[in-house]
Amino acid sequence: MASMSANLRLEGKVKLKNMFTAGKTLSSCVTAPDGPGELILAPPMMADVMPLHVSGGVEWVVGESCFLGSTPGIQKSTKMQGLGKAIFSGEGLFVTRVSGNGVAFIMSLGAIHSIELQPGQEYIIDNEHLVAWSASMSYKTELIGSFMTSMVSSEGKVCRFTGPGTVYMQTRNPTSLAAYIRSIGVGTN
């Protein structure tokens, strides 16, 4: 929370069950018991924030560290994905899923770019650029090019999505940003 109307109430919550599924164990809940108000959310990094409208039984998968918050009516859960997808997708062993009726706010490093896939259409995205995607979409993780190409170029771990559905990606790569910051000596003595 960056700021809020004085009539809103902020409460902290602890979710013990999430400790075992790598989900966020601490969260904040803002309510408006005295009428409407304004809440301004601020991501913890230089990020774009986008409202993801969730309804009609459609479930979304949200990338690691890309879920910022939601309105009432959104259910958020942490699910284990297969070991192969965990290793190659860049999202880890657990992924966040959102469903219900409301708005989930997602964030990215850099701008968020939307890709709409038609039935059967394939699209390849570097795993470090994933933000969110329709849970009903088929995808597989793979190395693009040879193993040696991946090792030499630091490129190659990708997700191949098959439509129909929507994928949201970020225009910046977190690993590349961290490497750049280290290269210019930020945080070193």
Side-chain angles (χ1 to χ4, degrees), residues 1-81 85-86 89-117 125 127-139 159 161 163-174:
M1 184 274 300
S3 65
M4 66 182 193
S5 302
N7 65 313
L8 299 181
R9 303 286 177 264
L10 176 66
E11 299 175 2
K13 292 186 176 185
V14 176
K15 295 180 182 178
L16 295 178
K17 72 176 187 171
N18 285 352
M19 292 176 71
F20 303 106
T21 58
K24 187 175 179 184
T25 57
L26 303 174
S27 64
S28 300
C29 180
V30 177
T31 58
D34 302 322
E38 178 181 71
L39 172 68
I40 297 179
L41 299 174
M45 59 185 174
M46 299 177 298
D48 197 6
V49 176
M50 186 191 95
L52 179 64
H53 298 275
V54 181
S55 65
V58 175
E59 187 175 49
W60 290 86
V61 179
V62 178
E64 185 179 7
S65 304
C66 294
F67 181 84
L68 182 59
S70 66
T71 61
I74 294 292
Q75 287 82 46
K76 178 183 157 205
S77 61
T78 305
K79 304 276 186 194
M80 187 182 327
Q81 62 177 350
K85 286 186 178 177
S89 73
E91 298 304 324
L93 189 56
F94 298 94
V95 293
T96 299
R97 292 183 174 253
V98 295
S99 59
N101 289 297
V103 179
F105 296 94
I106 58 176
M107 60 183 174
S108 69
L109 183 59
I112 296 176
H113 179 66
S114 170
I115 300 137
E116 299 284 336
L117 298 180
I125 300 176
N127 63 7
E128 296 224 22
H129 289 267
L130 288 173
V131 174
W133 60 93
S134 310
S136 62
M137 289 182 70
S138 162
Y139 77 98
C159 291
F161 288 90
T166 305
V167 180
Y168 293 101
M169 63 173 284
Q170 58 192 4
T171 58
R172 301 280 183 244
N173 179 317

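The model shown is predicted, which means the values in this text are computed figures rather than measured ones.
- Among all heavy-atom pairs drawn from N7 and P36, the shortest one is ND2-O, 3.1 Å.
- One distance of note links CG of L52 with CD1 of I74; it measures 7.5 Å at 0.5 Å rounding.
- Across every non-hydrogen atom of P174 and L109, the tightest pair is CA-CD2, 3.5 Å.
- The aromatic rings of W133 and Y139 stand perpendicular to each other, their planes meeting at an angle above 60°, with 30° marking the opposite boundary.
- A donor-acceptor pair is defined here as one N or O able to donate and one able to accept, closer than 3.5 Å; such a pair exists between the side chain of H129 and the backbone of Q170.
- Contact record, L130 with C159: CD1-SG, 3.6 Å, taken as the closest heavy-atom pair.
- The structure places CG of L68 at 11.0 Å from OG of S108, a figure rounded to the nearest 0.5 Å.
- Shown here for F67 and M107, the closest heavy-atom pair between the two residues is O-CE, 4.1 Å.
- A donor-acceptor pair under 3.5 Å links the side-chain atoms of T71 to the main chain of V103, judged by distance alone.
- Taking OG1 of T31 as the start and CD of E11 as the end, the distance is 5.5 Å to the nearest 0.5 Å.
- Annotation for R172: atom CZ does not count as buried by contact number, only 12 or fewer foreign heavy atoms lying within 6.0 Å.
- S55 places no side-chain N or O within 3.5 Å of a backbone atom of N101 that could act as its donor or acceptor partner.
- What you find for L10 and S28 is that their closest heavy atoms are CD1-CB, 3.7 Å.
- Shown here for R9 and P33, the closest heavy-atom pair between the two residues is CG-CG, 3.6 Å.
- Side chain of N173 to main chain of E128: no donor-acceptor pair is present (N/O by atom type, distance under 3.5 Å, no hydrogens or angles).
- Annotation: the span from S70 atom OG to Q75 atom CD amounts to 9.0 Å, rounded to 0.5 Å.
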